[in-house]
Colleague: 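I have a structure here, written as structure tokens, and I will follow up with some questions on it.
Residue numbers run from 1 in the order of the sequence given.
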Amino acid sequence: PEYAGYRAPRPQRAGWQKAGGILGALAILFAKFKGLLVLLLNFKWLLVAPKLLFGFGSLFVSIWFYALLFGWKFGIVFVLLILVHELGHYMTFRNFGIAADLPFFIPGFGAFVAARGPAPSLTKEALATIAGPVYGIAAAGACFAVAAGTHEPFWYAAAYVGFFLNALNLLPIPPFDGGGISAAIDPRLWIVGAVALFAGVVYFHAWTSPFALLMLVVVALVAVPRIRALAAGYV
């Protein structure tokens, strides 16, 4: 009963009821986010996360690098063309049961996919190697299809760059993909590739380009020791 100036106290909820409500709320949250908790507590995820961050981080750094030189639109498309090329290697390696790392990008040098072990045969290694240019040429073909439909010069330029770089990558000399393919056929093709590369640089006056000069330095560092070993009979 209530009297003038006096109000009867309302009954309080019991402590166990409050605790039950808190536990119920926690149970609902756990049910909703159980999958996330399992993922966070999976130690394999903790091992994979740095690799994903490293790989995708290198991709974005490459986009930034090429965007500074050629603009954001070309930087993004160019890196995507490289990505498709490298995914050709990666997916073929995985289809053959060969463990491989995700593509890692090096600004100015393209990207690479590292296999974690030897291929079961030279044939499968050659197929995994040639898959990159095949995928890359298909991606360049997609750019050309867009160019034919829109008549935009940008897409013609992207297609031309894609075709050219993937064709160049078929030169039979390390570290190009063609060097790996020729190793499975006949390593003496490396000499043919070296002569063809030198002739192309002279014919197109490519020594005026810093990228071409950098490419020649890399080829010399990688290919010359292998050709010398070939001549000495070690390959």
Colleague: Report the C-alpha separation of Phe154 and Val77 in whole Å, then their side-chain angles, then the decisive distance to 0.1 Å, and conclude whether the side-chain contact (heavy atoms from CB on, under 4.5 Å) test is met.
Modeller: CA-CA 10 Å; Phe154 170 83; Val77 172; 3.8 Å; yes
Colleague: When rounded to the nearest 0.5 angstrom, what is the spacing between CH2 in Trp64 and CG in Leu69?
Modeller: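 Rounded to the nearest 0.5 Å, the CH2-CG separation comes out at 9.5 Å.
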Colleague: Hydrophobic clustering (ILVMFWY, side-chain heavy atoms < 4.5 Å, transitive) - are Val161 and Leu83 grouped together?
Modeller: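 Linked, Leu83 and Val161 end up in one cluster.
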Colleague: Any chance you could lay out the side-chain contact (heavy atoms from CB on, under 4.5 Å) test for Leu213 and Val201, step after step, and finish with the verdict?
Modeller: CA-CA 9 Å; Leu213 293 177; Val201 169; over 6 Å; no
Colleague: With sequence neighbours excluded, tell me which residues meet side-chain hydrogen bond (donor to acceptor under 3.5 Å, both in side chains) with Asn166.
Modeller: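 Here the qualifying residues are His85.
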Colleague: Could you pull out the closest heavy-atom pair between Ala131 and Thr92, with the gap in Å?
Modeller: CB-OG1, 3.1 Å
Colleague: Do Cys143 and Leu81 touch side chain to side chain, with heavy atoms closer than 4.5 Å?
Modeller: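 Counting from C-beta outward, Cys143 and Leu81 do come under 4.5 Å.
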Colleague: Side chains of Ile63 and Phe78: does their closest heavy-atom pair fall under 4.5 Å?
Modeller: no
Colleague: Could you go through the side-chain contact (heavy atoms from CB on, under 4.5 Å) check for Phe104 and Val113 one step at a time?
Modeller: CA-CA 7 Å; Phe104 181 79; Val113 169; over 6 Å; no
Colleague: Restricting to non-hydrogen atoms, name the atom on Thr129 and the atom on Pro133 that form the minimum distance, rounded to 0.1 Å.
Modeller: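 So the two residues come closest at O-CD, 3.3 Å.
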Colleague: So do Pro103 and Leu59 actually touch side chain to side chain, heavy atoms under 4.5 Å?
Modeller: no
Colleague: Can you get from Ile185 to Ile227 by hopping between Ile, Leu, Val, Met, Phe, Trp and Tyr side chains that sit under 4.5 Å apart?
Modeller: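 No: no chain of side-chain contacts under 4.5 Å links Ile185 to Ile227.
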Colleague: Should Leu216 and Phe198 count as side-chain neighbours, where that means a heavy-atom distance under 4.5 Å?
Modeller: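 In short, these two side chains do not touch, never coming nearer than 4.5 Å.
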Colleague: Any chance the side chains of Ser182 and Trp190 put a donor and an acceptor closer than 3.5 Å?
Modeller: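 Yes, side-chain donor-acceptor contact under 3.5 Å.
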Colleague: Test of understanding: with side-chain hydrogen bond (donor to acceptor under 3.5 Å, both in side chains), list the residues that count as partners of Ser62, not counting sequence neighbours.
Modeller: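 Partners of Ser62 under the side-chain hydrogen bond (donor to acceptor under 3.5 Å, both in side chains) test: none.
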Colleague: Working to the nearest 0.5 angstrom, can you tell me the gap between His89 NE2 and Ile130 CD1?
Modeller: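 Interatomic distance, His89 NE2 to Ile130 CD1, rounded to 0.5 Å: 10.0 Å.
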Colleague: Are the side chain of Asn169 and the backbone of Asp177 linked by a donor-acceptor contact shorter than 3.5 Å?
Modeller: yes
Colleague: Applying side-chain contact (heavy atoms from CB on, under 4.5 Å) between Leu197 and each of Val202, Leu171, Val192, report the one that passes.
Modeller: Leu171
Colleague: May I ask you to test the Arg116-Asp101 pair for a side-chain heavy-atom distance under 4.5 Å?
Modeller: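 Counting from C-beta outward, Arg116 and Asp101 do come under 4.5 Å.
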Colleague: Please name the pair of heavy atoms, one in Pro107 and one in Val61, separated by the smallest distance, quoted to 0.1 Å.
Modeller: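 Minimum heavy-atom separation between Pro107 and Val61: CG-CG1, 3.8 Å.
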Colleague: Quick check: is Phe70 connected to Phe164 through a chain of hydrophobic side chains (ILVMFWY, heavy atoms under 4.5 Å apart)?
Modeller: yes
Colleague: In the hydrophobic cluster built from side-chain contacts under 4.5 Å, what are the other members alongside Phe144?
Modeller: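 The other cluster members (ILVMFWY side chains, heavy atoms under 4.5 Å, direct or chained) are Ile137, Tyr156, Phe163.
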Colleague: Look at the side-chain heavy atoms of Ile, Leu, Val, Met, Phe, Trp and Tyr, link any pair under 4.5 Å apart, and say whether Phe65 and Leu165 land in one connected group.
Modeller: yes
Colleague: With clusters defined by side-chain heavy atoms of hydrophobic residues (ILVMFWY) lying less than 4.5 Å apart, directly or transitively, does Leu170 cluster with Leu127?
Modeller: no
Colleague: Please round to the nearest 0.5 Å and tell me the distance separating atom CG of Leu230 and atom CG of Asp186.
Modeller: 8.0 Å
Colleague: Can you name the nearest heavy-atom pair linking Ala111 to Glu86, along with the distance?
Modeller: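 Closest approach of Ala111 to Glu86, heavy atoms only: O-OE2, 3.1 Å.
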Colleague: Do Ile82 and Phe105 come within less than 4.5 Å of each other through their side chains, counting heavy atoms only?
Modeller: yes
Colleague: Measure the spacing between CD1 of Ile173 and CD1 of Ile191 and express it to the nearest 0.5 Å.
Modeller: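 Spacing of CD1 (Ile173) from CD1 (Ile191) equals 10.0 Å.
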Colleague: Could you tell me whether a side-chain N or O of Tyr66 sits under 3.5 Å from a main-chain N or O of Gly108, the two making a donor and an acceptor?
Modeller: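 The answer is yes, because a donor-acceptor pair under 3.5 Å joins these two groups.
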Colleague: Do Arg94 and Met91 make a side-chain contact, defined as non-hydrogen atoms from C-beta onward lying under 4.5 Å apart?
Modeller: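 Side-chain contact under 4.5 Å: no.
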Colleague: Considering only heavy atoms from C-beta outward, does the side chain of Val222 approach that of Phe176 to under 4.5 Å?
Modeller: no
Colleague: Report the C-alpha separation of Phe109 and Phe211 in whole Å, then their side-chain angles, then the decisive distance to 0.1 Å, and conclude whether the side-chain contact (heavy atoms from CB on, under 4.5 Å) test is met.
Modeller: CA-CA 9 Å; Phe109 290 91; Phe211 285 104; over 6 Å; no
Colleague: Rounded to the nearest 0.5 Å, how far apart are CG of Leu87 and CG of Leu102?
Modeller: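 Spacing of CG (Leu87) from CG (Leu102) equals 8.0 Å.
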Colleague: Between atom OG of Ser209 and atom CZ of Phe204, what is the distance when rounded to the nearest 0.5 Å?
Modeller: 13.5 Å
